[in-house]
Number of protein chains: 2
Amino acid sequence: MKVILYLHDLYIEFAEYHYMLKQERHQLILRKLKSNRKVLSAHLSTELDVSEDTIRRDLKELEVKHLLYKVHGGALPLENKIQTYNERSVSDLDKKSKIAKKAVKLIHDGQVIIMSGSTTNLELAKIIPLKINATVFTYSIPIAMQLSLHPSIEIIFIGGKLNKSAQVTVGIDVVNSISSIRADICFMGTGGIDINRGMTEPDWEVAHIKKYMIQASDHVVAMCLSTKIMKAKRYLVVPIQNIDTIISDYEASNEIFKEFKDKGLIII
Amino acid sequence: MKVILYLHDLYIEFAEYHYMLKQERHQLILRKLKSNRKVLSAHLSTELDVSEDTIRRDLKELEVKHLLYKVHGGALPLENKIQTYNERSVSDLDKKSKIAKKAVKLIHDGQVIIMSGSTTNLELAKIIPLKINATVFTYSIPIAMQLSLHPSIEIIFIGGKLNKSAQVTVGIDVVNSISSIRADICFMGTGGIDINRGMTEPDWEVAHIKKYMIQASDHVVAMCLSTKIMKAKRYLVVPIQNIDTIISDYEASNEIFKEFKDKGLIII
DNA sequence: AAATATTGAGCAAAAAAACGCAAAAAAAAT
DNA sequence: ATTTTTTTTGCGTTTTTTTGCTCAATATTT
């Protein structure tokens, strides 16, 4: 490696001079981060013989490229970034509780109800009037816990393998249990509703379970965020004619529902 | 210790240092909290070599992010806070956790485990080492929730009618599900153990379910408060010879166990 | 009720980051 | 080869963050 210096009218050539390119520094920083699990700006500065400003700029660049994340004093690998409350908070909570308020009017004394495991259903579970007397089948732990605060709802929990992150049971046992149920009404959160492509889900297993839930119910209520109307996900649950009612945060009069109404669906 | 990096023809030596970044401290605190189920400010201060003020500020930050909750003297995992209504009147918690500490040594990789719905079992669920890989069948919501924080335990929730106060499922469905299981070991909280009258329960339905749990297991561990030894409740679960191991908060050498030992039971 | 331990608030020192600017170097254009 | 443009870098200054300390208030234990 050579370096050529222009000084006034002198031209000097240095044979062995290690000037480090920015990219080299970046690679170096990432390597060190990998083997060391952290890097400190101050140390990098002396070790790589550049100012701390430069290191800070390097780290900032690498952060933008999602190769690390910057903290006061240095940087850490992206994987140990701590999950914060906001990141896992429920999105569109206002819309979901609006839907729940409409849905709760469909619940009556003596019904046998199936509830899927969505956050919209959790909102619904919170606002079921205390005087209602009904039986609810669910496979969601949060919903079961919420309902257990209700004085007169009988809860049947559908067992199976527990999905830890969603806190719902899944698998063949769930399907078997549901197959032996006969329910009056079924409240279903949904990944997408489209007039042609029907009700769809991003997860195969969930789609499968929901299919049986719908089979087991006399009346099927799809609770659907407005953002998911006329959208489709990967896996079909049922075609649109298997659904009886759609509840969204839109007004029922919204023109987007025209075709659904033409097919005989109730829009709330 | 030194870190040496080779990059093309460059070789750079990094001096080792152990200044700790704030985020690293946070991660360590959370990790310790997860494995120890609690952290003490004074302890952390000396361990991480920073002032207690700093620790307090760390805990406060983590609390705002909903990653733990602060108490006088330290902090506890957030799960416990959710379960506070459950631990409303947990009596003899110290004795129960003493039992749990003994019981956890019986848990090994690859086991299929049945856990009944007692608070002693909840304590056990809290302290299962993170590296353990096993399958747990349970019909208790608090236990399922506690286990869902474990990275590698597979949880099978046994469905049925939910008993709201105990947060456990009961009924014929539970019996049916358990009948089809084959487990290595079964941890059972118990209402009473007596050398002649066997293991007994105050609730008929629970007694019935436990009978099937014991039938389904190769090894039966009865976890029993010292106050319940040589006591009997209303309904028989199984006679004493169907039990393999008794764990209590007494020393195993206690003379009260003499007759049990004579019958071949293991006392821990 | 007294003794001990823990906490919160305010403050100051030190370290790190941000910002604007200008020198230096590299790249591009002439 | 020279000029222009762009990029990179370091420096001085101002802000922000972090930390430890004191002291009064609170909580816990004896």
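Below, chains carry the letters A, B, ... as their sequence lines are ordered, and counting in each starts from 1.
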Among [options], the nucleotide that comes nearest once only the side chain of [X] is considered:
{"X": "Arg56(B)", "options": "dT6(C), dT9(D), dA17(C)", "value": "dT6(C)"}
{"X": "Val50(B)", "options": "dG20(D), dA27(D), dT18(D)", "value": "dG20(D)"}
{"X": "Lys60(B)", "options": "dT19(D), dA16(C), dG8(C)", "value": "dG8(C)"}

So, does [X] get its side chain near the phosphate of [N], meaning an N or O under 4.0 Å from OP1 or OP2?
{"X": "Thr54(A)", "N": "dT9(D)", "value": "no"}
{"X": "Ser41(A)", "N": "dA17(C)", "value": "yes"}
{"X": "Lys70(B)", "N": "dG8(C)", "value": "yes"}
{"X": "Arg25(B)", "N": "dT19(D)", "value": "yes"}

- Message: Taking atom types as they are modelled, would you say the side chain of Arg57(B) forms a donor-acceptor pair with the base of dG20(D) within the 3.5 Å cutoff?
- Response: yes
- Salt bridge or not for Glu123(B) and Lys126(B), using N-O below 4.0 Å? yes
- Message: Would you say Ser148(A) and Gln167(B) are linked by a side-chain donor-acceptor pair, where the criterion is simply a distance under 3.5 Å?
- Response: yes
Taking atom [atom2] of [N] as reference, at what distance in whole Å does atom [atom1] of [X] sit?
{"X": "Leu44(A)", "N": "dA16(C)", "atom1": "CG", "atom2": "P", "answer": "12 Å"}
{"X": "His72(A)", "N": "dA17(C)", "atom1": "NE2", "atom2": "P", "answer": "5 Å"}
{"X": "Gln23(B)", "N": "dA16(C)", "atom1": "CD", "atom2": "C1'", "answer": "13 Å"}
{"X": "Leu40(A)", "N": "dA17(C)", "atom1": "CG", "atom2": "C1'", "answer": "15 Å"}
{"X": "Asp58(A)", "N": "dT7(D)", "atom1": "CG", "atom2": "C1'", "answer": "13 Å"}
{"X": "Glu52(B)", "N": "dA9(C)", "atom1": "CD", "atom2": "P", "answer": "17 Å"}
{"X": "Lys22(B)", "N": "dA16(C)", "atom1": "NZ", "atom2": "C1'", "answer": "13 Å"}
{"X": "His43(A)", "N": "dA15(C)", "atom1": "NE2", "atom2": "P", "answer": "13 Å"}

- Can you see which heavy atom on Asp194(B) is nearest to which on Ile240(B), and at what distance?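 Between these two residues, the closest heavy atoms are O-CD1, 3.7 Å.
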- Nearest non-hydrogen partners of Val104(A) and Ile128(A), listed with the distance: CG2-CA, 3.9 Å
- Tyr139(A) ring center near Phe157(A) ring center (under 6.0 Å):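 Distance test on ring centres: not under 6.0 Å, no.
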- Residue mapping more 5' on DNA chain D - nearest nucleotide basis, Asp53(B) or Glu61(B):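 So the residue in question is Glu61(B).
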